2 protein chains.
Amino acid sequence: MKTDNPDKISELLRKKGEKVTPARMAILEVLSDCSCLLSVAEIYDRLREQNIKMNYSTVYRNLEVLCRNKITEKIAFPDGAKFKLFDEGKHTHHLICKSCHRTEILSYCPFEDVKKIIKSNTNFLPLEHKLEIYGYCEKCQKK
Amino acid sequence: MKTDNPDKISELLRKKGEKVTPARMAILEVLSDCSCLLSVAEIYDRLREQNIKMNYSTVYRNLEVLCRNKITEKIAFPDGAKFKLFDEGKHTHHLICKSCHRTEILSYCPFEDVKKIIKSNTNFLPLEHKLEIYGYCEKCQKK
DNA sequence: CTGGCTGCAAAGACTTTGCAAGGCT
DNA sequence: AGCCTTGCAAAGTCTTTGCAGCCAG
């Protein structure tokens, strides 16, 4: 994620016909600097830490625009929705700590053929999938 | 799910030291009669359809008690949390329709060995997992 | 009986919306 | 310049809580 540079991101916005604003760039930078998924509140807090004062409604509205344009992605978790940069073509596989709720991204997918199995066994047409692994992260295991 | 009878359910409650009340039995019956997962509003509506007038707060409070006792289970979805009877020892694998949001339960798990792979490749301790397949259900494919 | 459960109403948390002012292209 | 975006405040939605009365054990 860290490899995304601001120019690439701003071009993405322009291409989709959305304006490139400081607010959007700041939100994308926060998500880009983070290896885990962030809630709206966490994004808001990290912006403030960087002395970027942004209204909550602006954060919400921009995340809506970014998700609509598949630049970011909203994912539901037991403790609320979280956001990350959109993984083009990739699946959403996560490691979720049951203690601190930190959510890491698992870049590993062993399940491509599962869709085929479902297709042949049910009447459901599978398109995307999402795998979440719950357990304890390194830090919380030590406690 | 349909096989669960009321006596079994009420004994489960008693065993956990929770009172067996009409409200709890009614909620459990709604979930038991359903092959998919239900939101709080859907549970409330189905109760009303059966002429059972129950306060929203009672639905919330009882779902909290039932989930705490692992009799029901709360699962986060993009369009909000949903509930189902707890699958003892089973995983949570779902087929979620991108059109009508109906959520079916998939009783098939090809991934038991995935945990082992994660254990050997990361510092995360995997305990439970959840797989969601998004696509179109039979009805919505026809539209 | 007695403590937990229920309904009601109100508060709380999170998210969305309307409007005027400001900024991007 | 024109339209989209922003901040602010207010409204909406979903969920939780306090309290008085009720019910299961």
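Atoms considered below: every heavy atom in the structure, side chains included; atoms not considered: hydrogens, waters and symmetry mates. Predicted, not measured: the structure shown is a model, and the values here were computed from it.
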Original post:
What is the distance from OH of Tyr44(A) to P of dC14(C), rounded to the nearest Å?
Top reply: 13 Å
Subject >> Cys67(A) vs Phe83(A) side-chain heavy atoms within contact, under 4.5 Å >> reply: yes
Original post:
For Leu66(B) and dG4(C), what is the distance between atoms CG and C1' respectively, to the nearest whole Å?
Top reply: 15 Å
Original post:
Checking only heavy atoms, does the side chain of Thr21(A) share a donor-acceptor pair with the base of dC4(D) at less than 3.5 Å?
Top reply: no
Original post:
Hey, does the side chain of Ser57(A) come within less than 4.0 Å of dG7(D)'s phosphate (OP1/OP2), counting only N and O?
Top reply: no
Original post:
Is the shortest heavy-atom distance from the side chain of Leu28(A) to the side chain of Asn62(A) under 4.5 Å?
Top reply: no
Subject >> Gap between atoms CZ and C1', on Arg14(A) and dT5(D) respectively (whole Å) >> reply: 16 Å
Subject >> Nearest-angstrom distance from the residue atom CG of Leu13(A) to P of dG23(C) >> reply: 19 Å
**OP:** Report yes or no: does Lys16(B) contribute a side-chain atom to a donor-acceptor pair with the main-chain N or O of Asn69(B) at less than 3.5 Å?
**Re:** yes
Original post:
Nearest to the side chain of Arg24(A) - dG4(C), dT6(D), dC24(C)?
Top reply: dT6(D)
Original post:
How many Å lie between CG on Asn55(B) and P on dG21(D), as a whole number?
Top reply: 17 Å
Original post:
If you look at every strand shown and take non-hydrogen atoms under 4.0 Å, does Ala23(B) touch a base, only sugar-phosphate, or nothing?
Top reply: sugar-phosphate
Original post:
Hey, is the side chain of Lys53(A) poking within less than 4.0 Å of OP1 or OP2 on dC8(D), counting only N and O atoms?
Top reply: yes
**OP:** Identify, between Pro22(B) and Ala81(B), the residue whose nearest nucleotide on DNA chain D lies closer to the 5' end.
**Re:** Ala81(B)
Original post:
Looking across every strand, which nucleic acid part, if any, lies under 4.0 Å from Glu64(B) by heavy atom: base, sugar-phosphate, or nothing?
Top reply: nothing
**OP:** Test for a donor-acceptor pair under 3.5 Å between the base of dG4(C) and the side chain of Arg61(B), counting only N and O atoms.
**Re:** no
Subject >> Nearest listed nucleotide, side chain of Lys19(A), among dC3(D), dT6(C), dC5(C) >> reply: dC3(D)
Original post:
Rounding to a whole Å, what distance do you find between Glu18(A):CD and dG23(C):P?
Top reply: 20 Å
Subject >> Between Tyr136(A) and Phe124(B), ring centroids under 6.0 Å >> reply: no
Subject >> DNA chain D: 5'-proximal contact among Val20(B) and Tyr60(B) (nearest heavy atom) >> reply: Tyr60(B)
Original post:
Taking CG from Asp79(B) and C1' from dT16(C), how many angstroms apart are they, rounded to a whole number?
Top reply: 17 Å
Subject >> Ion pair Glu64(B)/Arg68(B), N-O distance below 4.0 Å >> reply: yes
**OP:** Give the rounded distance in Å between these two atoms: CE of Met25(A) and C1' of dT6(D).
**Re:** 17 Å
